[in-house]
Amino acid sequence: MAKFISIPVTNKGTTLIPTDGLVTTYVSATSIILAAGGRILTFVTVGATTAFTDAINTAATALNGPIVVPVALPTGQTITSIAFS
């Protein structure tokens, strides 16, 4: 069953990411990089911390089934843009 997480992005709205293909995350001072579904997603952030990856893990493991689970961003953190490659 397909499961997605939704991540709010300031200039784009909500971005859906399939959890089946989510394989890795990397956090720097200004970005979070996810590998999902054979693509690399780079989120440009304000206040990036490892708490963001914790929020993704919490959402990704929340429930089973065809569902969309929102990622609760840590206080003071926003995602300003996203790039796919």
Side-chain angles (χ1 to χ4, degrees):
M1 293 186 169
K3 180 178 166 188
F4 296 84
I5 57 175
S6 63
I7 299 177
V9 179
T10 302
N11 74 343
K12 185 172 176 44
T14 301
T15 299
L16 294 178
I17 299 171
T19 59
D20 291 341
L22 193 61
V23 291
T24 190
T25 59
Y26 169 77
V27 179
S28 74
T30 59
S31 65
I32 286 97
I33 299 171
L34 302 177
R39 303 201 59 185
I40 303 297
L41 296 83
T42 303
F43 295 90
V44 178
T45 67
V46 173
T49 65
T50 55
F52 181 84
T53 55
D54 293 343
I56 289 174
N57 290 336
T58 297
T61 59
L63 298 169
N64 291 324
I67 190 169
V68 174
V69 179
V71 172
L73 294 178
T75 302
Q77 183 169 342
T78 58
I79 298 172
T80 56
S81 64
I82 182 173
F84 297 90
S85 58

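Sequential numbering from 1 along the given sequence is applied to the chain's residues.
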Least distance between heavy atoms, [X] atom then [Y] atom:
X	Y	result
Ser6	Pro70	OG-CA, 3.2 Å
Ile82	Lys12	CG2-CD, 3.4 Å
Val71	Pro8	O-CD, 4.0 Å
Ala72	Ala55	O-CB, 3.3 Å
Phe43	Leu34	CE1-CD1, 3.5 Å

Please report the interatomic distance [atom1]([X]) to [atom2]([Y]), rounded to the nearest 0.5 Å.
X	Y	atom1	atom2	value
Ile32	Leu41	CD1	CG	11.5 Å
Ile17	Ile5	CD1	CD1	5.0 Å
Thr45	Leu73	OG1	CG	9.5 Å

| Donor-acceptor contact present, side-chain Thr80 to main-chain Thr10, <3.5 Å |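 Answer holds: no.
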| query | Side chain of Ser31, backbone of Thr42: donor and acceptor closer than 3.5 Å? | reply |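 Judged by distance alone, no pair lies under 3.5 Å.
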